Colleague: 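One structure coming up, written as structure tokens, with questions to follow.
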Amino acid sequence: MSGRTGTPNPDQRRRGSGAGAGRGAASGTGSHAGQTVNAMRTLKILYLLLAGVCYLFFCLYLPQFSAYLLLCILLLPALLFFAAHYSGAKLQAELVPPKPHAHIGEPFSCCVRLKNPTIFPISTVIFRIHLENETLTELDDVEFHEAVPPRQTVCIHVPVTPEHAGAVHVTLQSIQVLDTLLLFSHRKRFSAAFSATALPEVPQPPASTSPLQAGEDAVMQPTTEPEEFLGVREYRSGDRMRAIHWKLSSRFPEPVVREYGIPARTPVTVAFLYAVQADNPQERGQELDAMLEALQACAAFFCANQDGVTVVLCRSDWHRSETITEEQSLLPLLENLLETPPEADAAACLSHWESLGETAAFCVTDTILENPPFQKVFTAKAAGSDKHVSIAGNGAEIVYRTLTDSEGGAA
């Protein structure tokens with residue numbers, strides 16, 4: 001058993017709704033899958049015409065030889081029919097999933113593994129990949145074709161590029177096996193599938209310039225009181241020279257250093273109103289992308305500054321709250337969130353938030369809120385006042401700049 005990798009050639013005809021769940025793209029040689037199907041019809045007609053002409057010609061001039069020729073003409077398609085259906089029935093297909101997370105606009109490759117255990121070569125295998133963004137209800141179908149030699153396994157890498165954030169569901173729907181002359185075909189249905197979460201790619205936050213983390217005069221330890229003097233202790237390797245208490249060190253055999261306390265910082269709360277009000281499918285995807293980028297940027301900023309962040313995901317009928325200290329801890333929350341489509345009414349989400357009686361320093365939404373119960377609102381649309389920050393465009397950079405200007409939102 002040997003194996004090789006291949007690159008499929010996609011059919012240019014796609015069926016879908018919305019802006020597209022993802023775009024399959026690959027380059028290759030040969031005809032497109034749709035053109036191959038059309039060639040099958042043409043070759044069948046030409047083959048029948050050839051058989052008829054040969055039969056009439058040799059019946060008139062060489063009757064004995066015409067019988068053998070006609071027999072061969074009839075046996076050849078019978079052999080091709082048997083090879084196509086036998087190879088198609090024995091053909092094994094497997095969909096190998098890639099990593100569970102993907103970035104918008106960057107292709108991630110899933111592998112379709114085709115195994116031909118028979119002695120017959122398969123000149124053309126047409127398989128259909130169904131793409132669905134379950135979050136935004138976007139559909140897309142793409143067809144590919146590949147040849148599989150006898151007793152070999154072919155791995156076809158199909159690149160899929162998510163256009164918008166969401167739960168992308170990839171399904172291998174059907175496989176069609178064609179004979180060498182494209183006269184017959186055998187179709188099989190499969191239910192192999194996998195899911196991946198597409199999210200915006202967020203750059204790393206800038207380095208913190210918080211004075212509480214840049215102390216040069218003493219060794220800091222967490223405490224409940226700001227700048228509380230905890231005392232002195234023996235000098236340890238790695239302590240700063242400025243932290244040494246020189247006057248007291250003269251009374252001890254070893255140098256001693258000052259210890260001050262830094263205030264224990266409460267994690268910042270960021271509310272996320274999971275609602276997109278745009279009617280156009282493309283705008284819905286763009287606004288959801290901007291909102292998720294802002295939320296990820298907030299989490300990255302506070303986790304990088306060792307503040308921690310409490311993320312509250314809020315719909316009109318439920319909410320989920322969790323405090324995280326690592327940026328990666330946000331991914332499981334977003335996976336569960338994107339399994340359901342966003343709300344259409346941000347005001348209902350806000351009403352549910354207000355019924356909780358909680359407070360938040362920042363909020364991420366797609367619309368401008370009047371008299372919001374938040375210190376600052378990141379919106380996916382144009383801002384109307386200084387309390388609203390638009391995140392259309394380079395959302396992460398705007399969020400980082402805003403949080404830096406407001407000293408991280410927690411002090």
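Bear in mind the structure is a predicted one, so any value in this text is a computation, not a measurement.
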Colleague: Have Thr124 and His145 got a donor and an acceptor in their side chains that come within less than 3.5 Å?
Modeller: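 Looking only at side-chain atoms, His145 and Thr124 do not form any donor-acceptor pair under 3.5 Å.
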Colleague: Which pair of non-hydrogen atoms, one from Thr118 and one from Ser87, has the smallest distance, and what is that distance?
Modeller: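 In this case the closest contact between Thr118 and Ser87 is OG1-OG, 3.5 Å.
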Colleague: Other residues, nucleotides and ligands only: do more than 12 of their heavy atoms fall within 6.0 Å of CZ on Phe194?
Modeller: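 Yes.
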Colleague: Grab the two heavy atoms, one from Leu330 and one from Ala299, that are nearest each other, plus how far apart they are.
Modeller: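 Here Leu330 and Ala299 meet closest at CD2-CB, 3.8 Å.
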Colleague: Please find the pair of heavy atoms, one from Cys110 and one from Leu95, that lie closest to each other, and give the distance.
Modeller: SG-CD1, 4.4 Å
Colleague: Which heavy atom of Pro98 sits nearest a heavy atom of Ser109, and at what distance?
Modeller: CB-O, 3.2 Å
Colleague: So which heavy atom on Glu163 is nearest to which on Asp289, and how close?
Modeller: O-OD2, 4.0 Å
Colleague: List the atom pairs, donor and acceptor, that lie under 3.5 Å between side-chain atoms in residues 355-367 and the rest of the protein, sequence neighbours left out.
Modeller:
{"from": "Ser355", "atom 1": "OG", "to": "His352", "atom 2": "O", "distance (Å)": "2.5"}
{"from": "Asp366", "atom 1": "OD2", "to": "Gln277", "atom 2": "N", "distance (Å)": "2.8"}
{"from": "Thr367", "atom 1": "OG1", "to": "Gln277", "atom 2": "OE1", "distance (Å)": "3.4"}

Colleague: To check you understand the geometry: which heavy-atom pair defines the closest contact between Thr153 and Lys115, and what is its length?
Modeller: OG1-CG, 3.5 Å
Colleague: Please check if the distance between the ring centroids of Phe272 and Trp353 is under 6.0 Å.
Modeller: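 No, they do not, as the ring centres are separated by 6.0 Å or more.
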Colleague: Does a sphere of radius 6.0 Å around NZ in Lys387 hold more than 12 heavy atoms from other residues, nucleotides or ligands, not counting ones at 6.0 Å or beyond?
Modeller: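 Atom NZ in Lys387 is not crowded, with 12 or fewer foreign heavy atoms closer than 6.0 Å.
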Colleague: Going by salt bridge (Lys or Arg N to Asp or Glu O under 4.0 Å), name the pairs with one or both residues in residues 321-339, residues two or more places apart or in two chains.
Modeller: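 Residue pairs passing salt bridge (Lys or Arg N to Asp or Glu O under 4.0 Å), neighbours aside: Arg320-Glu322.
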Colleague: Mark yes when over 12 heavy atoms from residues, nucleotides or ligands other than Asp279 sit less than 6.0 Å from its CG; otherwise mark no.
Modeller: no
